[in-house]
Amino acid sequence: MTHKQVEKNTVRIIYVVILVALSLFLISPFLIPIVFAGTVSLALYPLQEMLLAKNFQKNRAAALLTTAFGIIISIPFFFFV
């Protein structure tokens, strides 16, 4: 490899590292809520499957679980407010 090719590749690598660092910086506020949402959805999935087995419609089962979980999560918040 010539000196120009090494320099060109080094500049490209630096650009990629800077772009990845900026992307992680911009995405970082959203990582914790995304992980929390994934954890909650995996925890509630067996309940949804149970409701579907009892002939609930898929939309109604999801709405029921979302409403119930939202109320359960909001109780401590309203307690402290």
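Values reported hereafter were calculated over all heavy atoms of this structure, with side chains retained and with hydrogens, waters and symmetry mates removed. Along the sequence shown, residues are numbered consecutively beginning with 1.
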In Å, rounded to the nearest 0.5 Å, how long is the span from [atom1] of [X] to [atom2] of [Y]?
X     : Y     : atom1 : atom2 : result
Arg60 : Asn55 : CZ    : CG    : 13.0 Å
Leu22 : Ile27 : CG    : CD1   : 11.0 Å
Phe36 : Leu31 : CZ    : CG    : 15.0 Å
Phe56 : Glu49 : CZ    : CD    : 14.0 Å
Asn9  : Lys4  : CG    : NZ    : 13.5 Å
Phe79 : Ser74 : CZ    : OG    : 13.5 Å

Check: Is there a path from Leu52 to Phe69 through hydrophobic residues (I, L, V, M, F, W, Y) whose side chains come within less than 4.5 Å of each other?
Finding: no

Check: Is Val16 linked to Leu24 within one hydrophobic cluster, defined over Ile, Leu, Val, Met, Phe, Trp and Tyr using a side-chain heavy-atom separation of less than 4.5 Å?
Finding: yes

Item checked: Exceeds 12 heavy-atom contacts within 6.0 angstrom, atom CD1 of Ile32 -> no

Item checked: Atom of Leu44, atom of Leu65 and distance for their closest heavy-atom approach -> O-CD1, 3.8 Å

Next item on the list: Determine yes or no for a side-chain-to-main-chain donor-acceptor pair under 3.5 angstrom, with Thr67 supplying the side chain and Leu64 the backbone.
Entry: no

